[in-house]
6 protein chains.
Amino acid sequence: MKVVIKITGKVFNEEYTSIIKELALIIKHRYESGDRVAVVVGGGSTARKYISMGRKLGVNNSLLDMLGIEASRINAQLLSYILQDISYPSIPRNINEFLNAWASGKVVVCGGLQPAQSTNAVAALIAEIVNADLLVNATVTDGVYDKDPSRYSDAKLLRRVSIGELEKIIKQEFLPGHYELIDPLALNIVKRSKIRLVFVNAFKPKTIEEVLEGNMDVGTWVIHT
Amino acid sequence: MKVVIKITGKVFNEEYTSIIKELALIIKHRYESGDRVAVVVGGGSTARKYISMGRKLGVNNSLLDMLGIEASRINAQLLSYILQDISYPSIPRNINEFLNAWASGKVVVCGGLQPAQSTNAVAALIAEIVNADLLVNATVTDGVYDKDPSRYSDAKLLRRVSIGELEKIIKQEFLPGHYELIDPLALNIVKRSKIRLVFVNAFKPKTIEEVLEGNMDVGTWVIHT
Amino acid sequence: MKVVIKITGKVFNEEYTSIIKELALIIKHRYESGDRVAVVVGGGSTARKYISMGRKLGVNNSLLDMLGIEASRINAQLLSYILQDISYPSIPRNINEFLNAWASGKVVVCGGLQPAQSTNAVAALIAEIVNADLLVNATVTDGVYDKDPSRYSDAKLLRRVSIGELEKIIKQEFLPGHYELIDPLALNIVKRSKIRLVFVNAFKPKTIEEVLEGNMDVGTWVIHT
Amino acid sequence: MKVVIKITGKVFNEEYTSIIKELALIIKHRYESGDRVAVVVGGGSTARKYISMGRKLGVNNSLLDMLGIEASRINAQLLSYILQDISYPSIPRNINEFLNAWASGKVVVCGGLQPAQSTNAVAALIAEIVNADLLVNATVTDGVYDKDPSRYSDAKLLRRVSIGELEKIIKQEFLPGHYELIDPLALNIVKRSKIRLVFVNAFKPKTIEEVLEGNMDVGTWVIHT
Amino acid sequence: MKVVIKITGKVFNEEYTSIIKELALIIKHRYESGDRVAVVVGGGSTARKYISMGRKLGVNNSLLDMLGIEASRINAQLLSYILQDISYPSIPRNINEFLNAWASGKVVVCGGLQPAQSTNAVAALIAEIVNADLLVNATVTDGVYDKDPSRYSDAKLLRRVSIGELEKIIKQEFLPGHYELIDPLALNIVKRSKIRLVFVNAFKPKTIEEVLEGNMDVGTWVIHT
Amino acid sequence: MKVVIKITGKVFNEEYTSIIKELALIIKHRYESGDRVAVVVGGGSTARKYISMGRKLGVNNSLLDMLGIEASRINAQLLSYILQDISYPSIPRNINEFLNAWASGKVVVCGGLQPAQSTNAVAALIAEIVNADLLVNATVTDGVYDKDPSRYSDAKLLRRVSIGELEKIIKQEFLPGHYELIDPLALNIVKRSKIRLVFVNAFKPKTIEEVLEGNMDVGTWVIHT
């Protein structure tokens, strides 16, 4: 099986070291079971730190994005070093480098690739280019909700969501910056190639393991029609 | 002045050799007048040829896009070689390579950079990252129309169009594949950084020269509010 | 067994999609049988298109060659993408990149490498550097003839040809541009390292399979003395 | 004049944005006055964050160093983006990339280059390789003291220090990790090529300007005998 | 087992061809037994030739070092080509390239990496970064002596030496330039990561084989306390 | 004026240090006069040393050529370092790298580029690709002779030689390995692009200066008809 796992950058903080360790073990376990695994990580707090500094200092939007990309790459590097021998040692800086790294047969860990593009889009792109069997998006919530869970206590977690519904939810953008599930570019790639996609909670690594084992009662699965 | 010129790939055919020559002369002229110039070219008929072959042979969407990118790079290479000494000799394959090429002070000619992304988006991205004063989108029509000009004989060319109107026009997608002005990602970049943007006809190179000289009675200019 | 297969660029046209498919299957089959396979493809009609445009636009000979090389690389890329997982994903741009790609253990598909050098020479060079057991030159005719087959109806296909005879035939250059078997540089490499070489017809993929299986009654085999 | 300025990574924090701005202006001013300027920045708090996480997660010393290097590169990238058009856009990852960047005539901003080597050593190496006229080490104190200034209130700032004295001071290592002036490798390079070296306080950017203008009453100057 | 073998550049001379052959066979043998092997070679007489020419022609210290590095790379290339299929074909030019080469699973042969750094330091760095089980330093003597063996006939070969003693011996520097065991940077890396290190004689390849098989009665073993 | 100067590798020996210095001064002088200069150097004695060792150790022809190329690159590096600030700091490893280096406006120094190709061919290729006004081939004799000058005391130096005559002289190959003027590939490039070519003696640097100043009474000039 070929899987792409997107991990939110918010995990890459000192207080979550044990979560990172668990995530690394799950990846290692899949690799050793014979799966091909690509991992894409976000920029998290380091990205926010540099983007905030850059903005104050007059850096333009594309270059701010590049600071965020660089931050996501340190996160990627950390994860890659924890995996050491089973992961490709360099963090790909573009899709060609990714493909060459992928050809090594090792786990490939990526951060962002290009300005004006989220790491969600990178994950979708990679899932498409390697013909992945599954794209796991490990984010900050347990999956997709019918309302913004951080605002409405009665928000209900959805076990299934169609591409059409997902498009609508994104457009609501109810809590901009905080409730970032997926962006239009990522969604578009998922749609055009009917990529199997599931949202889980990165802070509950077990759920990643479960969806990788095919458990469809965990997280939110996207339905292509 | 820093300008980015997007040229439709449809120009790169043997019957349009004289158009290509004119385009090269305009670029040369601007460079020699002290402007910084980046050019982004589309894939045109070569892209269509390879994408069509790849599709028949079972190649996935991302890799089809990469064939199209490679095609746009030959077009870029041809243009770059015509410009020879004033252009950077290598065609950038990603945004980092673009920035290094740009630092040379020469004209930089680009094709596509990444799957799931049009050369229009590349042009917008480059315009943003170099803080361009103007983005000229040289396409197959004289500018933006209120209806599809290839379908309605009473379609009216607009001299000004707001970002909001442009968004609506794109969503109509009245003639998919044929009337390709700009895609959502490109539009989004143009919007977030309020990039000055004008649409002209690549097959009437004079109009490119005119908009570069500030003539706002040519093409369709996008209005940021 | 290590084999290098040179495929004429003339195959890379929409009307020959099924030929390309057959060629890919043969390569795949050899790879899965444990052979190491390098493939070198020519520029074909795409090369001619760009070289013709460049020439009209005043591009010099070396740069025209580079347009041809770039064209051969799209052909290589297409073939590589059809082979996907078993081929190295990047098309080597020089001999060092080739060697690194080769070290991956995958099928490596190449186009041209350098101006003033045919893809036949590239194939011979690669055959030499990897100590190939066989170099298969899949061209537009069934092999080497005693006269130009497109001109003389009584031209006779030769089953064996000595290096010396091959040198003489090349010097006749009876139909320049059309009957391109091998150039002096390629011949020189084949000669100095006594590379086993056979000419077959790329448009009859079966014959490639046959010579790879050791059938010496197909194509024209070059004899080293 | 050719100058290399080492800036402590401790400056790259949100509370010091105005210091970074001043540093950028000084660099810009020197560049516009015709000086060639290379800047080397440390990893600061971002480096410490990732090294600490990596250590907890079992990453080896060399790879911990590489996390620190990557952190110093984001700092370098931020500074480079603030300088934008006058700086080389890519952060060199090794000495060859540095030399190519330097050949562009622009300001080159670097972070670390290799494990087991401080950014002080990188700065000394770069000063040597470009035949710099001056190496300014902008650190966290006003220069070199006879005792550890953070411990002894009567520590006296030295205006001049010989290479021999500097060697002795380093060996005392009175406040490991905090009072990091220069390491043995850096010192060795400075010594073998008699590089002019001055220590100033990065948090007082004016002093950098002053030493660049030749004011020897600021900071601590190293004397070669 | 993961091993790093440092081979003195003095071996790379025409009169020692048979020694080189033996060394290659030992490396091959280890590789085929399932060991991971990295080899670092020095610059030898070629390095001395170019450094001497460069010095006469006014080249600075860092650039002289780079000539030495380049010389060590030809030696590395020669060894790599003798090993051919089992070795990575390119000689890494920096630690990132080394890691990517190492990920190929092949034997990786290196020369120097950076000015102001010996190939001994490179070997120690590589041993640390790959978590090597053993670093074999194959030099010009049988191991470490209590005095300079080329000066004192009663110099005694030590079978064990502690890190502390090694530090003292290096500081004596009794025969500069000739009795080059290890430099401070290399020693520092060995010390901080407690790398198992043994010194043997490169001109007695058998001894390399013996220490690789665990024979501690050959060469001088470094003791970490 | 754009000039390409090919310098025989035989100059790069310790006894000829003063010759190298003179050559560097001439190049520097041309550069400072506003000429664009590319220099290609041969492998000389270092190449012979490594090729000889490699041959004894069973290395194949292409890889032997690569050892020779690497040797030519150290020679190039030495020359480049002597020129320091006016030369591009990296030695191009292929034609793309050459073009990028050339775009820097600096003197570019090259060694060989590819197996099965002499540095004479590299020089011709570079002369063609940059549209050079003159290709100076500085070899071991004063120019082209009617007979082998090392064999016949009455050999006469030719002041002019037609391309046709040059072809004949090459075919005689009267002293293989020693009297190496130009090879077929180089000649072919010179012929197809009618490159102005003159042969002079590298050991008489003054003559290089003279032909660069247009003196046609020095060396042997090739006549295109």
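Computation of the quantities below employed the complete heavy-atom set of this structure, encompassing side-chain atoms and omitting hydrogens, waters and symmetry-equivalent molecules. Residue numbering restarts at 1 for every chain, and letters A, B, ... go by the order of the sequence lines.
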Worksheet item: So which of Arg93(F), Arg192(F), Gln117(F) has the largest heavy-atom pair count under 4.5 angstrom toward chain C?
Response: Arg192(F)

Worksheet item: So what's closer than 4.5 Å to chain F heavy atoms on Ile129(C): side chain, backbone, both or neither?
Response: both

Discussion item. With a 4.0 Å cut-off on N to O distance, would you call Lys191(C) and Glu167(C) a salt bridge?
Written reply: yes

Practice prompt. Assess the side chains of Lys6(C) and Asn120(C): does a donor N or O sit below 3.5 Å from an acceptor N or O?
Written response: yes

Worksheet entry | Side-chain H-bond candidate by donor/acceptor type, Ser80(C) with Ser87(C), under 3.5 Å | yes

Worksheet item: Between Glu165(F) and Lys168(F), is there a side-chain N and carboxylate O pair less than 4.0 Å apart?
Response: no

Discussion item. I'd like to know if Asp133(F) and Arg36(F) make a salt bridge, using a cut-off of under 4.0 Å between side-chain N and carboxylate O.
Written reply: no

Worksheet item: Of all of Asn188(C), Asn94(C), Ile95(C), Leu113(C), which one pairs up most often with chain F through heavy atoms under 4.5 Å apart?
Response: Asn94(C)

Worksheet, complete the sentence: Whatever's closer than 4.5 Å to a heavy atom in chain F on Leu125(C) counts as both

Item to complete: Specify which of Leu63(F), Asn60(F), Val59(F), Asn61(F) makes the most heavy-atom pairs with chain C at under 4.5 Å.
Response: Asn61(F)

Fill in: Options Ala116(F), Ala121(F), Ser193(F), ranked by heavy-atom pairs under 4.5 Å with chain C, top entry
Ala116(F)

